[in-house]
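Have a look at the structure below before the remarks.
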2 protein chains.
Amino acid sequence: MSKTPVWKSIALSLTSDIAEGRYGTGDRLPTEAQLAAKHGVNRHTVRRALSDLADQGLVHARRGAGVFVAARPTDYPIGKRVRYHRSISASGKIPGKTILALTTRAADEVEAEALGLNVGNTVHVYDGLSLADGQPIGLFQSVFPAERFPDILTALADTHSVTKALQICGIADYTRISTRLTARAATATQALHLHLSEGAPVLYSVGINADPDGQPVEYGRTVFAGERVTLTLNDGDN
Amino acid sequence: MSKTPVWKSIALSLTSDIAEGRYGTGDRLPTEAQLAAKHGVNRHTVRRALSDLADQGLVHARRGAGVFVAARPTDYPIGKRVRYHRSISASGKIPGKTILALTTRAADEVEAEALGLNVGNTVHVYDGLSLADGQPIGLFQSVFPAERFPDILTALADTHSVTKALQICGIADYTRISTRLTARAATATQALHLHLSEGAPVLYSVGINADPDGQPVEYGRTVFAGERVTLTLNDGDN
DNA sequence: ATCAACTATACAACTAGACAAATATTACAC
DNA sequence: GTGTAATATTTGTCTAGTTGTATAGTTGAT
């Protein structure tokens with residue numbers, strides 16, 4: 001008779017549950033064991049259904065935590081319906097940031113050269129996550145010379161914004177003096193933060209910002225989720 | 001593929017932090033809770049990573065006090081640093097190119113919009129491979145409006161260069177009016193051309209070049225081998 | 001016979017929360 | 001200032017629960 005696999009009907013049932021709002025975005029679904037009991041099947045059958053939903057981008061599973069409804073209510077874009085374009089110059093000003101860590105430590109070789117410091121000089125470091133529509137799109141780290149900006153961490157904690165924090169510290173304006181871009185494979189932790197699978201392509205960006213006098217004030221590294229971000233370089237105006 | 005446990009990746013990150021001098025001998029690391037927040041994991045996962053470092057004798061923890069750097073790693077594997085910098089403004093002009101195909105066909109929707117044509121207008125297409133030091137670094141496709149440049153294919157065949165071919169066709173100079181960049185996974189054919197494995201991260205670039213009057217003359221798409229190419233944006237030359 | 005769907009079991013990796021033990025910090029008395 | 005007690009931090013340990021993966025076996029249709 002009906003040759004629809006059980007897992008498919010379970011997937012369909014879950015899909016309608018989500019579509020009808022019985023599980024909102026970000027909500028945790030019942031555990032696989034609970035779903036298995038509810039439908040009277042083995043856990044693996046439920047997993048098959050969940051994996052189907054995950055492929056469609058409807059849910060996102062976190063090992064040890066549960067399965068969550070993804071913040072992607074609409075279906076996939078064909079063409080340019082959904083545009084996650086972020087301009088390079090605006091990459092430090094995207095609204096929706098979360099602070100992961102604010103630390104103070106010694107500068108390594110690369111950072112020292114970029115900021116015009118000596119190796120071992122103290123730097124303030126801002127680790128954060130850029131979000132758009134609730135979805136993580138970039139994982140960044142901003143490094144500032146501690147001697148020049150002793151109070152920038154509190155400014156960052158208050159504003160969440162590199163630009164505003166630098167303003168508080170006396171830098172009215174700054175310009176990006178260099179940007180380097182390459183493609184990489186996501187590491188395990190990057191994948192975790194960006195809700196990707198390990199090895200997924202990411203856009204790796206390294207940049208230096210300087211004050212009007214050309215003195216470097218910030219050394220920033222960002223990892224963008226390749227599938228969710230397109231960098232648009234406007235060589236003209238804008 | 002490589003199912004790296006998250007804790008291992010965190011351990012590696014901490015190891016490099018120590019190896020590169022961001023935390024010196026005797027320094028206290030951030031607390032387990034802070035590290036957990038920074039990496040977006042549970043404290044126990046961080047503890048697993050720290051226990052790994054402790055086993056290696058890199059750090060030692062004191063209950064109630066914190067985790068301190070005991071020594072520097074003696075053999076820290078530094079990844080092969082590839083330094084192939086290519087200017088984004090030169091991404092369509094890299095020397096060492098081989099022609100894969102010169103074709104004439106109808107413009108699709110995207111190309112038509114980019115070049116200011118109608119869908120179905122004829123375009124000349126240049127498929128090629130960019131090389132550096134004998135190694136393939138990019139796979140590109142340049143699309144030109146056939147009506148405006150009827151003889152560009154022969155010019156391309158002679159010069160192998162987009163710039164020179166456009167010069168022959170009467171375009172003394174052109175500027176890049178838009179560039180979009182994202183990271184993707186290499187398809188099978190791209191991997192073949194670029195000597196990568198399928199799924200390896202590649203840098204996908206789409207750009208439009210226009211004559212001094214702002215009229216689009218070329219629509220180019222390039223796939224760069226992520227592990228061999230770093231795009232350097234020179235924001236300072238204006 | 002073969003293949004897909006499903007079951008069964010076991011373990012690894014990670015999360016979650018609670019509490020204990022050691023240390024650091026602060027407030028206060030003197 | 002100095003010593004002490006109270007409080008807050010921080011690491012150590014424990015229990016329990018959840019998802020990810022691997023292996024082996026059963027069932028049923030073509």
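Here is the naming used below: chain letters follow the sequence lines, and residue numbers restart at 1 for every chain. All values below come from the heavy atoms of this structure, side chains included, with hydrogens, waters and symmetry mates left out.
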Starting at atom [atom1] of [X], determine the distance to atom [atom2] of [N], rounded to an integer number of angstrom.
{"X": "A:H60", "N": "C:dC14", "atom1": "NE2", "atom2": "P", "answer": "14 Å"}
{"X": "A:K8", "N": "C:dC6", "atom1": "NZ", "atom2": "P", "answer": "11 Å"}
{"X": "A:L192", "N": "D:dT19", "atom1": "CG", "atom2": "P", "answer": "16 Å"}
{"X": "A:L53", "N": "D:dT19", "atom1": "CG", "atom2": "C1'", "answer": "15 Å"}
{"X": "A:L35", "N": "D:dG20", "atom1": "CG", "atom2": "P", "answer": "13 Å"}
{"X": "A:I10", "N": "C:dA5", "atom1": "CD1", "atom2": "C1'", "answer": "12 Å"}
{"X": "A:E198", "N": "D:dG20", "atom1": "CD", "atom2": "P", "answer": "14 Å"}
{"X": "A:L29", "N": "C:dT15", "atom1": "CG", "atom2": "C1'", "answer": "17 Å"}

Is the phosphate of [N], meaning OP1 or OP2, less than 4.0 Å from a side-chain N or O of [X]?
{"X": "A:W7", "N": "C:dC6", "result": "yes"}
{"X": "B:R62", "N": "C:dA24", "result": "yes"}
{"X": "A:R48", "N": "C:dA5", "result": "yes"}

Practice task
Answer yes or no: are there more than 12 heavy-atom neighbours, outside A:E113 itself, under 6.0 Å from its atom CD?
Solution key: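 No - once you tally the heavy atoms of other residues, nucleotides and ligands closer than 6.0 Å, there are 12 at most.
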Problem - Selection: residues 40-47 of chain A, any non-hydrogen atom under 4.0 Å of DNA chain C - result: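 Heavy-atom cutoff 4.0 Å gives A:V41, A:N42, A:R43, A:H44, A:T45.
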Problem - Side-chain heavy atoms of A:F149 within contact of A:L156, under 4.5 Å - result: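 The answer is no, as the side chains (C-beta and beyond) never meet within the 4.5 Å cut-off.
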Exercise for the section: Determine whether A:L14 and A:L50 make a side-chain contact, defined as any pair of heavy atoms from C-beta on separated by less than 4.5 Å. Expected result: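 In contact.
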Practice task
Examine distances only and state if a side-chain atom of A:T45 and a backbone atom of A:W7 form a donor-acceptor pair shorter than 3.5 Å.
Solution key: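 No, the answer is negative, given that no donor and acceptor are paired below the 3.5 Å cut-off.
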Problem - Axial cation check for A:F140 ring with A:K97, 6.0 Å and 45° limits - result: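 Pair A:K97/A:F140 counts as cation-pi.
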Practice task
Quick one: do A:T163 and A:Y174 satisfy side-chain hydrogen bond (donor to acceptor under 3.5 Å, both in side chains)? Show the steps, please.
Solution key: CA-CA 8 Å; A:T163 305; A:Y174 61 88; 2.8 Å; yes
Handout entry: Value rounded to 0.5 Å, distance of NE2 in B:H39 from CD1 in B:I10
Key =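 Interatomic distance, B:H39 NE2 to B:I10 CD1, rounded to 0.5 Å: 5.0 Å.
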Problem - Residue whose closest nucleotide on DNA chain D lies nearer the 5' end, A:R63 versus B:R28 - result: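 The answer here is B:R28.
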